[in-house]
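Report on one structure; see the data block that follows.
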Amino acid sequence: EESGKIAYTMPSTVKIGDLVDCYHRNGRSQPRWHRGRIAKVECLGNGKVCHVAYEHGKYECKVPIQQGNFRLVSSGSDSPNWLLGLRVHDVSRTRKGKILRIESKEGSKGATFLICYDDGSREIRGYNEVVEMAFVPVHTKAVDAGNVKLWPSKKAAIKKEKVTTVIQTCSLDEGGINPKPVK
C-alpha cells in the first residue's frame, strides 16, 4: 500500500459485516462507489444476494453477489471492534440492548460479544447473530425514512450507461475516495 493510496479487491463473495464499496442501485442514479456494510446474505433463485446498509443512510436489498458489484474495504469479522457500542434488536425475544464488549476473538463461530439488554439481562452471542441483530434498527430506520431500495433488474440495468469495472487503486482526496485506474 503506497502512501495515500488504498488497494481494493473485487471479491466474488462477501460475508455479513464486511465493509464494502458498492454501486448504489447498480449506479443508476449516481455512477460512483458508495461505502456500506453487508447487512445480510441470502440465497435467491440461482445465486446469492445480499443487503447493504450504506453510510449515507440508504439500505439496499437483493444486490447480486458477483465480482464487479463490490470492492472489499475490510472484512468485518477480522476487525469486530466496529460493533462495540451499537444498539441491537433481538427480534425473536422482542428486546433491545447494546453491545458492551468482545468476550472472545477466537472460536469455531468467530468472535463472541456481551450484550446488555434494556431489561437488565445480559447474554453472550456469536458474531453473525450480533451483526444481524445490529442491522435490525438500521433497516427499520431506513424503512421509516423511505430509504430502502431494491437492486434494479437486469432489464433496468441494461438501460443504464455501462460502467467498466476494473481492479483499481484509489487515491484519497478531500472529497472522499475517487476511483482512478492503475496505469
Side-chain angles (χ1 to χ4, degrees), residues 1 6-24 33-44 47-67 69-151 170 172 176-177:
E1 198 176 294
I6 300 172
Y8 291 97
T9 59
M10 300 288 233
S12 57
T13 187
V14 291
K15 299 176 295 202
I16 189 169
D18 284 353
L19 184 62
V20 296
D21 288 335
C22 179
Y23 274 111
H24 179 254
W33 297 102
H34 294 271
R35 179 81 30 104
R37 286 221 181 249
I38 303 299
K40 186 177 184 177
V41 175
E42 58 190 355
C43 290
L44 185 68
K48 285 189 176 182
V49 296
C50 68
H51 297 207
V52 180
Y54 292 101
E55 289 180 352
H56 57 64
K58 303 260 191 226
Y59 190 99
E60 189 166 23
C61 302
K62 299 183 180 176
V63 180
I65 298 176
Q66 60 191 32
Q67 194 163 13
N69 285 349
F70 303 96
R71 294 188 308 200
L72 181 64
V73 178
S74 68
S75 170
S77 59
D78 288 348
S79 305
N81 289 346
W82 67 273
L83 287 162
L84 295 176
L86 291 181
R87 298 281 302 161
V88 295
H89 186 170
D90 182 354
V91 179
S92 66
R93 296 187 193 161
T94 61
R95 58 187 180 162
K96 297 175 183 180
K98 186 176 182 178
I99 302 166
L100 289 184
R101 69 174 178 252
I102 298 173
E103 286 293 303
S104 169
K105 288 190 178 184
E106 298 178 15
S108 62
K109 293 183 180 181
T112 57
F113 300 85
L114 177 64
I115 300 170
C116 180
Y117 293 101
D118 295 347
D119 64 8
S121 63
R122 292 174 177 233
E123 180 177 44
I124 295 174
R125 293 272 189 110
Y127 176 80
N128 285 349
E129 287 179 295
V130 170
V131 172
E132 286 179 18
M133 290 167 49
F135 281 112
V136 169
V138 172
H139 182 259
T140 302
K141 184 177 179 181
V143 167
D144 291 346
N147 286 331
V148 176
K149 305 293 182 196
L150 289 176
W151 185 266
C170 298
L172 296 172
I177 298 176

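In this text the structure is predicted, and so the values were computed from the model without any measurement.
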*Report the C-alpha distance between E60 and Y54 in whole Å, list the side-chain angles of each, state the deciding distance to 0.1 Å, and finish with yes or no for side-chain contact (heavy atoms from CB on, under 4.5 Å).*
CA-CA 8 Å; E60 189 166 23; Y54 292 101; 2.6 Å; yes
*Steps toward side-chain contact (heavy atoms from CB on, under 4.5 Å) verdict (E42, C50)*: CA-CA 6 Å; E42 58 190 355; C50 68; over 6 Å; no
*asked:* Between N128 and M133, does the side-chain contact (heavy atoms from CB on, under 4.5 Å) criterion hold? Intermediate values first, please.
replied: CA-CA 9 Å; N128 285 349; M133 290 167 49; over 6 Å; no
*Passes side-chain contact (heavy atoms from CB on, under 4.5 Å), L100 versus I115? Steps please.*
CA-CA 6 Å; L100 289 184; I115 300 170; over 6 Å; no
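For the pair L72 and D18, the minimum side-chain heavy-atom distance is below 4.5 Å. Counting heavy atoms from C-beta outward, K98 and V88 have side chains that stay 4.5 Å or more apart. Proximity of E55 to H34: side-chain heavy atoms (C-beta onward) are nowhere separated by under 4.5 Å.
Here S92 pairs with D90 under the side-chain hydrogen bond (donor to acceptor under 3.5 Å, both in side chains) rule; sequence neighbours left out. With sequence neighbours excluded, the residues satisfying side chain to side chain contact (heavy atoms under 4.5 Å, CB included) with H139 are Y59, V143, V148. Listed by chain and residue number, R87 satisfy the salt bridge (charged side-chain N to carboxylate O under 4.0 Å, His left out) test with D118 (two or more places apart in sequence, or in another chain). Annotation: side-chain hydrogen bond (donor to acceptor under 3.5 Å, both in side chains) contacts of D119 (sequence neighbours excluded): S121. Under the side chain to side chain contact (heavy atoms under 4.5 Å, CB included) criterion, P80 pairs with I102, A111, F113, Y127, sequence neighbours left out. Residues passing the side chain to side chain contact (heavy atoms under 4.5 Å, CB included) test with T140 are V136, D144, sequence neighbours excluded. A search for side chain to side chain contact (heavy atoms under 4.5 Å, CB included) contacts involving E103 returns R101, T112, L114, I124, not counting sequence neighbours. Listed by chain and residue number, R93, R95, Y117, R125 satisfy the side-chain hydrogen bond (donor to acceptor under 3.5 Å, both in side chains) test with E123 (two or more places apart in sequence, or in another chain).
The structure places OG of S79 at 7.5 Å from NZ of K105, a figure rounded to the nearest 0.5 Å. Note that NZ of K48 is 5.0 Å distant from SG of C43, once rounded to the nearest 0.5 Å. Atom NE2 of H89 is separated from atom CD of E132 by 13.5 Å, given to the nearest 0.5 angstrom.
A134 approaches L86 most closely through the heavy-atom pair CB-CD1, 4.3 Å. For the residue pair I16 and A39, the shortest heavy atom distance occurs at CD1-O, 3.4 Å. Nearest heavy atom pair, residue I99 against residue V130, reads CD1-CG1, 3.3 Å. Nearest heavy atoms, V52 versus F70: CG2-CE2, 4.0 Å. Heavy-atom minimum distance, I38 versus K15: CB-O, 3.4 Å.
In this structure, the side chain of R37 engages the main chain of G17 through a donor-acceptor pair within 3.5 Å. No side-chain donor-acceptor contact under 3.5 Å links D78 to the backbone of S75. Between the side chain of W82 and the main chain of G76, a donor-acceptor pair closer than 3.5 Å is present.
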